[in-house]
Q: 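Take a look at this one; I'll ask things after.
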Amino acid sequence: MRHVRRCGALASIAVFLIAWEFLARFTPLANPLFPPPTRVALTFTNQRFLLTLAVNYGYTAVRALAGFALGLAAGIALGVALSAKGLSSFVQPIATIFFAIPSVAWIPLLIVWMGVKEMALPITASFLCSFPPVLYGTINAFRTADREEVDVALVLGARPTQVMKDIILPQALMKVIPVVKAEAVMSWKTVFVSEMVALSSGLGYLAMTYSSTLEVADLLAVISVLALTTLALIEGLDRVEATLVRRWLGGDSWSRSSYGP
Amino acid sequence: MVEVQLRSVRNFILKSITDTFPSGKLTVVLGPNGAGKTTLLRVIAGVERYEGSVLFDGRPVDDVPPYERNVSYVPQRSSLFKNMSVFDNVAYGLRVRGCGRDEVREKVYSLLKAFKLEHLAGKYPHTLSGGEAKRVALARALAVEPQLLLLDEPLSGLDAEVAELFKQELMMAIRSFRRTAVLVTHSVRTAVQRAAHLLLLWGGEALYRGPPEGIGRAELPDEVHFWLGSVVRVGSVRSGVGYMEASIDSVTIPLLSSEGVEGVKYIVIPPDALKVCREGDVEAKVVKVVRSGTYYRAVVDISGVVKLYLTTPAPVREGEVTRLRIQYGVPLRSR
């Protein structure tokens, strides 16, 4: 079944590329500003382009991952701390408001406040992209923890810290993972936009450069690298989620790791 | 012995309640939905704030947190820990109380064996059937050997056949538990057949507390009888191979009981055990009728001796004589 699904996905990509190739070569749409995919693929054989792409990819990756990691760590830590202390209701309205603001909306403000800092600006933008949703998601996950399971654990003799560790945290984590998945992708997009509008390095900057010089095949190559990165990220996080779900909600590794059979 | 002296529970229906649950016996808290039964259990478990006092063996436990009360609580939904296997669910209470690895393993496997759950040890809650989940929840509660076992509607959500089987297992477990147990139910049959002590809750108040057979002497409003059923003093009871029956005046009523019926003075006839029908073998005079939605609640009188409460979709009018079939009664006995 999984094999069939994978074949279906590959087939849909193949159909898309063939249609694109056809439109860009044999229809009135064909012109230098609409290169076919084979022309875009050829750009990856250019050593100089590859080197430029690799350097700028590195910048974008470091910025997106650093901002996302900081936002993730701060969001989960603060969410857990506030929920444990019963203070989440004070913070939740603010987290909700920040959650509702599109992350790219912060970029103009950050430029005014911070200036055009090559690393600090996109990392802060990426942090502001991931922190509020992760905080919001963590608080919400704790708020919706199964009250009755918590009560049963307490009555069985578990102290509040044990209940937190054994019951609330694993269940909250399961609810936070979808938020984390969405924000991991979003942080790349935010960094890309900040590079487009303000910076002089990174994939966003590269895209803007190729746009201004009408090197559309190179521009499409940059966009396809971003798309493939996002795809790989989603696939990787899906696997992490699947492993955790198997471990906590129905697999056998949990029981083997403990006293079980 | 557990004593409850409640004044109120914030945001809940439960009002002033005072009762003492006898040590080493089964107390059944009976009442319709919303009577405050679950809240009372949660108060005793220490997971609900309340005004008043709860005493275990004469010692107030109001300031004792739930994790130090040494009780076990089986909630209505079972509430197994979703992120743990069956084995880990049953083992959880032992582990948090600091039991050693071998002791945990030994105790958990003996309980899993007793409840025929060994083959499910590595399974997770979402793969279990309703009956299996209930058995795991019961095993988890018994594993810590609590001084008090609290069971909230343990038979709810099970189909009739599974419920009957689980009821037998549950009663065996309670008997071998030999400590105080409190069972909440809205099943009159379960309550009067199994309880050593009965607490009847209605609208957050205790209408009756005492041995089941004592409810026959209690003055209860008609409204309660329409839910609970008719409590009737019987003239004589007989039992033989495959039958048990009671006689009231000239009427014979089959009895539902898994035990002997010697010494039974009162029986309960639940409202659903009375049928108004032309072929009924009992003639009764309708003395009071209350319309309740599409149903009629009626008080009928048999020979001026027995008053019965019934609910029927068939229209009945005050003063008319109708025919009834009494399908069964449940004996009230002391334990």
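To find a chain, count down the sequence lines: A is the first, B the second, and so on, and within it residues start at 1.
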Q: Measure distances from B:Y92 to the heavy atoms of chain A and classify the residue's part below 4.5 Å as side chain, backbone, both or neither.
A: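 Answer is side chain: those atoms of B:Y92 sit under 4.5 Å from chain A.
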Q: In terms of heavy-atom pairs under 4.5 Å with chain A, which of B:P146, B:A143, B:P75 leads?
A: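 If we count pairs closer than 4.5 Å to chain A, B:P75 comes out on top.
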Q: For the NZ atom on B:K107, are there more than 12 heavy atoms of other groups (residues, nucleotides or ligands in this structure) within a distance under 6.0 Å?
A: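 Yes, enclosed.
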Q: Between A:E149 and B:R77, is there a side-chain N and carboxylate O pair less than 4.0 Å apart?
A: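 Judged by the 4.0 Å cut-off on N to carboxylate O distance, A:E149 and B:R77 do not form a salt bridge.
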Q: Above 12 or not: heavy atoms from other molecules or residues under 6.0 Å from CD of B:E106?
A: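 At most 12 heavy atoms, drawn from other residues, nucleotides or ligands, come within 6.0 Å of this atom.
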Q: When you look at A:E148 and B:R42, which way does the salt bridge (Lys or Arg N to Asp or Glu O under 4.0 Å) test go after all the steps?
A: CA-CA 10 Å; A:E148 215 164 57; B:R42 292 174 57 80; 5.1 Å; no
Q: Given that the side chain runs from C-beta out, which part of B:V71 has a heavy atom under 4.5 Å from chain A: side chain, backbone, both or neither?
A: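 Contact with chain A involves both backbone and side-chain atoms of B:V71.
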Q: Give, as side chain, backbone, both or neither, the part of A:D146 having an atom under 4.5 angstrom from any heavy atom of chain B.
A: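 When you check distances to chain B, only side chain atoms of A:D146 fall under 4.5 Å.
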Q: Start with the C-alpha distance between A:Q162 and B:R95, add both sets of side-chain angles, then the distance that settles side-chain contact (heavy atoms from CB on, under 4.5 Å), and finish with yes or no.
A: CA-CA 11 Å; A:Q162 288 171 309; B:R95 285 183 188 152; over 6 Å; no
Q: Do A:I167 and B:K82 have side chains that approach each other closer than 4.5 Å (heavy atoms only, starting at C-beta)?
A: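 No, too far: nothing below the 4.5 Å cut-off.
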Q: State, with a plain yes or no, whether a side-chain heavy atom of A:P170 is found less than 4.5 Å away from one of B:F81.
A: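 Not in contact.
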Q: Within a 6.0 Å radius of atom CE on B:M172, are there more than 12 heavy atoms belonging to other residues, nucleotides or ligands?
A: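 No - once you tally the heavy atoms of other residues, nucleotides and ligands closer than 6.0 Å, there are 12 at most.
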Q: Check whether any side-chain N or O of B:N83 sits under 3.5 Å from a backbone N or O of A:D166 as a donor-acceptor pair, and report yes or no.
A: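 Yes, B:N83 side chain to A:D166 backbone: donor-acceptor pair under 3.5 Å.
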Q: For the CG atom of B:N89 and the CG atom of A:L156, what is their distance to the nearest 0.5 Å?
A: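 Rounded to the nearest 0.5 Å, the CG-CG separation comes to 9.0 Å.
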Q: Any heavy-atom pair between the side chains of B:P66 and A:D151 that's under 4.5 Å?
A: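 Sidechains of B:P66 and A:D151: no contact.
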Q: Chain A heavy atoms under 4.5 Å from B:L80: which part of the residue, side chain, backbone, both or neither?
A: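 Answer is backbone: N, CA, C or O of B:L80 sit under 4.5 Å from chain A.
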Q: How far apart are the C-alpha atoms of B:R140 and A:V152, what are their side-chain angles, what is the distance that settles it, and do they pass the side-chain contact (heavy atoms from CB on, under 4.5 Å) test?
A: CA-CA 10 Å; B:R140 178 178 66 180; A:V152 169; 3.4 Å; yes
Q: Would you find more than 12 non-hydrogen atoms of other residues, nucleotides or ligands less than 6.0 Å from B:D63 atom CG?
A: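 Count not over threshold, so no.
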Q: With a 4.5 angstrom heavy-atom cut-off, could you sort out which part of B:R97 is near chain A: side chain, backbone, both or neither?
A: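 Only the side chain of B:R97 comes within 4.5 Å of chain A.
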Q: Could you look at A:Q171 and say if it's the side chain, the backbone, both or neither that has a heavy atom under 4.5 Å from chain B?
A: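 Answer is side chain: those atoms of A:Q171 sit under 4.5 Å from chain B.
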Q: List the atom of A:V155, the atom of B:A45, and the distance in Å for their closest heavy-atom pair.
A: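 Looking at all heavy atoms of both residues, the shortest contact is CG2-CB, 3.9 Å.
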Q: Output every pair passing side-chain hydrogen bond (donor to acceptor under 3.5 Å, both in side chains) with a member in residues 57-75 of chain A, not counting sequence neighbours, ordered by first then second residue.
A: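 Sorted result for residues 57-75 of chain A: A:Y57-A:T229, A:T60-A:E195, A:R63-A:E118, A:R63-A:E195, A:R63-A:S201.
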